[in-house]
Amino acid sequence: MRHVVLFHSVYGLRPAVRAAADRLRAAGHQVTTPDLYGVPAADTVEEGFALLDKIGHEVVLDRARAALGDLPPQAVLAGFSMGSGVAGALLAERPDAAGLLLLHGTGGAPDVVRPGLPVQLHVADPDPYDAPDEVDEWQRTMTAAGADLTVFRYPGVGHLFTDPDLTEYAPEAAAAAWPRVLAFLADA
């Protein structure tokens, strides 16, 4: 099974991230869920963005790098929303990553994708942070760069549709996403 590092959203390390990690562990994976903020999670997205602004993007990335320190180079980089961006940003530093798993947001740049890199994206359609045309363009460039990319779009759901503690939660979409995630990790 895989080593997976699972980065949280702008809210912080919420129960939904821990529950997702437990779900992956139950499937046999070793999962690390670093707290990139070092403070309790925010209750609203606005508070989450305020925390990110206060802590700073570079500090968040440094904490993410530190979390990867003891993990094998083949660890799967994964994240929720902002965490997808963090996972994608660290891909250049982790060229041997077994895969890039993106929940609720795009991440990674075509210039750092090695040919055949397994990448899976789960995104609301439309998503308030990743417009459909932006997702289309990202998909084209990642595929052209050689990523083995699969995109799952979930029509009519909110951004963090897998988080049962948020009003955006969409149980049917979440129920569809998790088996796909587990299959991805089994194959990565």
Side-chain angles (χ1 to χ4, degrees), residues 1-14 16-38 52 55 57-123 127 129-130 134-135 138-139 141-152 159-160 162-163 177-178 180-188:
M1 299 317 303
R2 293 282 171 209
H3 284 267
V4 180
V5 60
L6 184 59
F7 298 114
H8 61 72
S9 74
V10 77
Y11 280 90
L13 188 55
R14 295 175 47 78
V17 177
R18 290 186 180 100
D22 288 344
R23 180 187 299 261
L24 302 181
R25 287 183 191 111
H29 303 289
Q30 295 180 3
V31 185
T32 302
T33 54
D35 184 350
L36 303 177
Y37 287 172
L52 177 59
I55 294 163
H57 191 68
E58 285 307 312
V59 170
V60 166
L61 286 175
D62 287 343
R63 290 175 178 173
R65 284 184 189 98
L68 291 170
D70 293 333
L71 296 179
Q74 301 82 11
V76 173
L77 303 173
F80 288 95
S81 189
M82 175 200 81
S84 293
V86 170
L90 296 178
L91 187 59
E93 300 167 28
R94 305 286 289 195
D96 294 327
L100 184 61
L101 174 61
L102 308 169
L103 298 150
H104 314 293
T106 59
D111 59 333
V112 298
V113 171
R114 73 171 187 277
L117 175 71
V119 180
Q120 189 177 81
L121 169 65
H122 299 265
V123 65
D127 187 280
Y129 301 102
D130 286 300
E134 293 170 359
V135 174
W138 176 84
Q139 185 173 4
T141 60
M142 292 291 279
T143 301
D148 181 7
L149 175 63
T150 305
V151 175
F152 294 102
H159 178 64
L160 284 169
T162 62
D163 189 329
W178 289 116
R180 293 167 173 166
V181 166
L182 294 175
F184 173 79
L185 291 174
D187 293 341

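Heavy-atom minimum distance, Met82 versus Val10: CB-N, 3.7 Å. Considering every non-hydrogen atom in both Trp178 and Ala20, the closest pair reads CH2-CB, 3.5 Å. For Val113 against Ala109, the heavy-atom pair with the smallest separation is CG2-O, 3.4 Å.
Side-chain contact between Asp148 and Leu117: absent, with no pair of heavy atoms (C-beta onward) separated by less than 4.5 Å.
Atoms OG1 and CG, from Thr106 and Leu121 in turn, are 7.0 Å apart once rounded to the nearest 0.5 Å. Note that the CG atom of Leu102 and the CG atom of Leu100 stand 4.0 Å from one another [nearest 0.5 Å]. Annotation: the span from Leu68 atom CG to Leu77 atom CG amounts to 6.0 Å, rounded to 0.5 Å. Rounded to the nearest 0.5 Å, atoms NE2 (His3) and CG (Leu185) are 12.5 Å apart.
Within the structure, every pair that satisfies the salt bridge (Lys or Arg N to Asp or Glu O under 4.0 Å) test and touches residues 18-37, not counting sequence neighbours, is listed here: Asp22-Arg25. For residues 93-103, the pairs satisfying side chain to side chain donor-acceptor pair (under 3.5 Å) are Arg65-Glu93, with sequence neighbours left out. Applying the ring-ring contact (aromatic ring centres under 6.0 Å, His included) test to residues at least two apart or on different chains, the pairs with a partner in residues 75-94 are Phe80-His104. Within the structure, salt bridge (Lys or Arg N to Asp or Glu O under 4.0 Å) contacts touching residues 72-84 (residues at least two apart or in different chains) do not occur. The list of salt bridge (Lys or Arg N to Asp or Glu O under 4.0 Å) pairs with a residue in residues 74-85, not counting sequence neighbours, is empty.
Not a single side chain to side chain donor-acceptor pair (under 3.5 Å) links Thr33 to another residue, sequence neighbours left out. Scanning for ring pair (Phe, Tyr, Trp, His ring centres under 6.0 Å) contacts around His8 gives Tyr37, with sequence neighbours left out. His159 pairs by the ring pair (Phe, Tyr, Trp, His ring centres under 6.0 Å) definition with Tyr129, not counting sequence neighbours. In this structure Tyr11 satisfies the ring pair (Phe, Tyr, Trp, His ring centres under 6.0 Å) test with no other residue, sequence neighbours excluded. Residues satisfying the side chain to side chain donor-acceptor pair (under 3.5 Å) criterion with Gln74, sequence neighbours excluded, are absent altogether. For Arg63, the salt bridge (charged side-chain N to carboxylate O under 4.0 Å, His left out) criterion is met by no residue, not counting sequence neighbours.
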Would you sort out whether Val135 and Asp127 count as a side chain to side chain contact (heavy atoms under 4.5 Å, CB included), showing the intermediate values? CA-CA 9 Å; Val135 174; Asp127 187 280; 5.9 Å; no

Contacts table for residues 83-92: side-chain donor-acceptor under 3.5 angstrom, sequence neighbours left out:
from	atom 1	to	atom 2	distance (Å)
Ser84	OG	Gly79	O	2.8
Ser84	OG	Leu103	N	3.3
Ser84	OG	Leu103	O	3.3
Ser84	OG	Gly105	O	3.3

